[in-house]
Structures are given as C-alpha cells and as structure tokens.
Amino acid sequence: MDVTLHLAQDPEADALLGRSPLAALVGMLLDQQVPMEWAFKGPATIAQRLGTDDLDAHEIAAHEPEAFAALLSQKPAVHRYPGSMAKRIQQLCQYLVEHYDGDAEAVWTDVATGKDLLKRLAELPGFGKQKAQIFLALLGKQLGVRPTGWREAAGSYGEPDSFRSVADITGPESLVKVRAHKQEMKAAAKAAKASGS
C-alpha cells in the first residue's frame, strides 16, 4: 500500500495514511465526533508521540493503557475523547494481533468478495456497519482493493462520485463537497426529528 491520500489535509499525516494500513484503520476509527481532518491526522500524531514513523499493532496492543491514554490526551489531544478513543485503538490493535498477527492489511489482502470484506471490517472493534462500508469504499475507490461486488457491499458509499464520505475526498474541493453533503444530511435529520417522523 503506497498511495497519496488527502484525508488529513496535512502532507505528513496523509503520507502515513497512504502507506500504513493500520494508520488508515485508526484514522477511520477516530472519525467520529470530530472534524475529519483532525481524525485522520491522529495516526501521525500517535506515531510521533511514540517516537516512530509508523504504527505497530503489537506495540499499541501491549502498551500500558493509562500511559497510552495519557499519550493521546497530550495537548493538542488526538480526539475530543482521548481516553475512550485510546481504549478503542488498543482494542482494535489487540484484535488485529489476535486474528491477523498484527497485520492490518491482512484484513483485506486475501478476501474474495466485497461481502466478505464488509463482514471482516464490521467485526473490527469500533467498526459498525456504516463505518465498515465507508472504509470499504475508501479501499475500493482510493487504495485499489476491489474484490468482486465491493461497490454493492459498500452501499451508497461505493457509488462513483457520490461525495458522501471520506472515501471520496481526494483534495480540498472534494472535501468541501463531502462536508456539504454531511451538512445536508444533518439538516434533513433535524427537520425529520422536528416534524416528529
């Protein structure tokens, strides 16, 4: 895996996301309740604070939990909820160590169908169906991981040029489109709630 991503809108952080499957998974895990760029800059910040140029699932899984939470809590914090996200990242890494010998890329390297890949992603700690579908779309659209039926398995996120999620962000212009789509969805949800439906 060695592509150029533009999710963090920061060259160093994006370079790590493009070459490190674990960094990409951790960025996706962090992508909730904070701006997308903040979430996807997180893996680079964690690696820097660990004194390394990449993330290692074995190292993170074995890290003392309070020390790892403190690492994420340093200013600027890696996430709005650094303590709970530290726990989730460690759970993800422990799962990867247990099921994939710590190799994040093994989650998708030998998978035959999009449906199988979606199942594997949804089994990861912290990944529900929607997050799994978005990551599957990111793998297919930008990282060249395209098992049979990947678009269908990714649902609406797999549609070409849909600008619904991080899977469609390739630079500042597409980021604006994705952000606009998210605002529309929030407004629609708010309107539906207000009308009692």
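Just so it is clear, the model here is predicted, and its values are computed rather than measured.
In this structure, A154 and L136 approach most closely via the heavy-atom pair N-CD2, 3.8 Å. Taking each heavy atom of A69 and A86 in turn, the nearest pair found is CA-CB, 3.6 Å. Nearest approach of V97 to A61, heavy atoms of both residues: CG2-CB, 4.1 Å. Nearest heavy-atom pair, A57 versus L22, reported as atom, atom and distance to 0.1 Å: N-CD2, 3.4 Å. Shortest non-hydrogen contact noted between V34 and A39 is CG2-CB, 3.9 Å. Across all their heavy atoms, P43 and A23 have their closest contact at CG-O, 3.2 Å.
A continuous path of Ile, Leu, Val, Met, Phe, Trp and Tyr side chains, each step under 4.5 Å between heavy atoms, connects L143 with L175, placing both in one hydrophobic cluster. Follow the hydrophobic side-chain contacts under 4.5 Å out from I134 and you reach F163 in the same cluster.
Of the possible donor and acceptor atoms, none in the side chain of R146 sits under 3.5 Å from a partner among the backbone N and O of R151. In this structure a side-chain-to-backbone donor-acceptor pair under 3.5 Å is present from K131 to M28. D31 places no side-chain N or O within donor-acceptor distance of the main-chain N or O of G27, the cut-off being under 3.5 Å. D116 places no side-chain N or O within donor-acceptor distance of the main-chain N or O of V111, the cut-off being under 3.5 Å. Checking side-chain atoms of W150 against main-chain N and O of V145 turns up no donor-acceptor pair under 3.5 Å.
In this structure R164 satisfies the salt bridge (Lys or Arg N to Asp or Glu O under 4.0 Å) test together with E159, sequence neighbours excluded. Applying the salt bridge (Lys or Arg N to Asp or Glu O under 4.0 Å) rule to E12 yields no partners; only residues at least two apart in sequence or on another chain are considered. Considering only residues two or more places apart in sequence or on other chains, H6 meets the ring pair (Phe, Tyr, Trp, His ring centres under 6.0 Å) condition with none of them. In this structure, D53 has no side chain to side chain donor-acceptor pair (under 3.5 Å) partners at least two apart in sequence or on a different chain. Residues satisfying the side chain to side chain donor-acceptor pair (under 3.5 Å) test with Q48, not counting sequence neighbours, are none. With sequence neighbours excluded, no residue forms a salt bridge (Lys or Arg N to Asp or Glu O under 4.0 Å) with K129. Residues passing the salt bridge (Lys or Arg N to Asp or Glu O under 4.0 Å) test with D101: none are found, sequence neighbours excluded. Not counting sequence neighbours, D56 has no partner by the side chain to side chain donor-acceptor pair (under 3.5 Å) test. Judged as a side chain to side chain donor-acceptor pair (under 3.5 Å), and not counting sequence neighbours, the contacts of S174 are T170. With sequence neighbours left out, the ring pair (Phe, Tyr, Trp, His ring centres under 6.0 Å) criterion links Y157 to no other residue.
Ion pairing of K141 with D161 is absent here, as no side-chain N (NZ or NE/NH1/NH2) approaches a carboxylate O to less than 4.0 Å. By the 4.0 Å N-to-carboxylate-O rule, E37 lies too far from K41 to be salt-bridged with it.
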CA sep, side-chain torsions, deciding dist, call: W108, Y100, ring-ring contact (aromatic ring centres under 6.0 Å, His included): CA-CA 10 Å; W108 56 83; Y100 297 99; 9.3 Å; no
I46/I89 under side-chain contact (heavy atoms from CB on, under 4.5 Å): CA gap, chis, key distance, verdict: CA-CA 11 Å; I46 295 167; I89 292 168; 3.8 Å; yes
Residue pair D110, R120: steps toward the salt bridge (charged side-chain N to carboxylate O under 4.0 Å, His left out) verdict: CA-CA 11 Å; D110 65 347; R120 282 188 181 187; 2.9 Å; yes
Candidate pair L50 and I60, rule side-chain contact (heavy atoms from CB on, under 4.5 Å), full reasoning: CA-CA 9 Å; L50 287 170; I60 292 172; 4.2 Å; yes
CA sep, side-chain torsions, deciding dist, call: K119, E123, salt bridge (charged side-chain N to carboxylate O under 4.0 Å, His left out): CA-CA 6 Å; K119 182 178 183 289; E123 288 170 349; 2.8 Å; yes
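A side chain to side chain donor-acceptor pair (under 3.5 Å) check over residues 78-99, counting only residues at least two apart or in different chains, returns nothing. Within the structure, side chain to side chain donor-acceptor pair (under 3.5 Å) contacts touching residues 66-75 (residues at least two apart or in different chains) do not occur.
Side-chain contact between L96 and D103 is absent, with no heavy-atom pair separated by less than 4.5 Å. Contact annotation: the side chain of V166 never approaches that of V178 to less than 4.5 Å [non-hydrogen atoms, C-beta and beyond].
Note that CG of L29 and CG of L124 are 9.0 Å apart. Values are rounded to the nearest 0.5 Å. Between atom CG of residue L30 and atom CZ of residue F40 there is a gap of 8.5 Å, rounded to the nearest 0.5 Å. If you take CD on Q33 and CE on M85, they are separated by 8.5 Å, rounding to the nearest 0.5 Å. Here CG of L138 is found 9.5 Å from CD1 of I169. Values are rounded to the nearest 0.5 Å. Considering CZ of R19 and OG1 of T4, their distance stands at 11.5 Å, rounded to 0.5 Å. With values rounded to the nearest 0.5 angstrom, Q133 atom CD is found 7.0 Å from S156 atom OG.
Counted within 6.0 Å of NZ on K115, heavy atoms from surrounding residues, nucleotides or ligands total 12 or fewer; the atom is thus considered open.
Checking S162 against D168 by side-chain atom types alone, a donor-acceptor pair falls below 3.5 Å.
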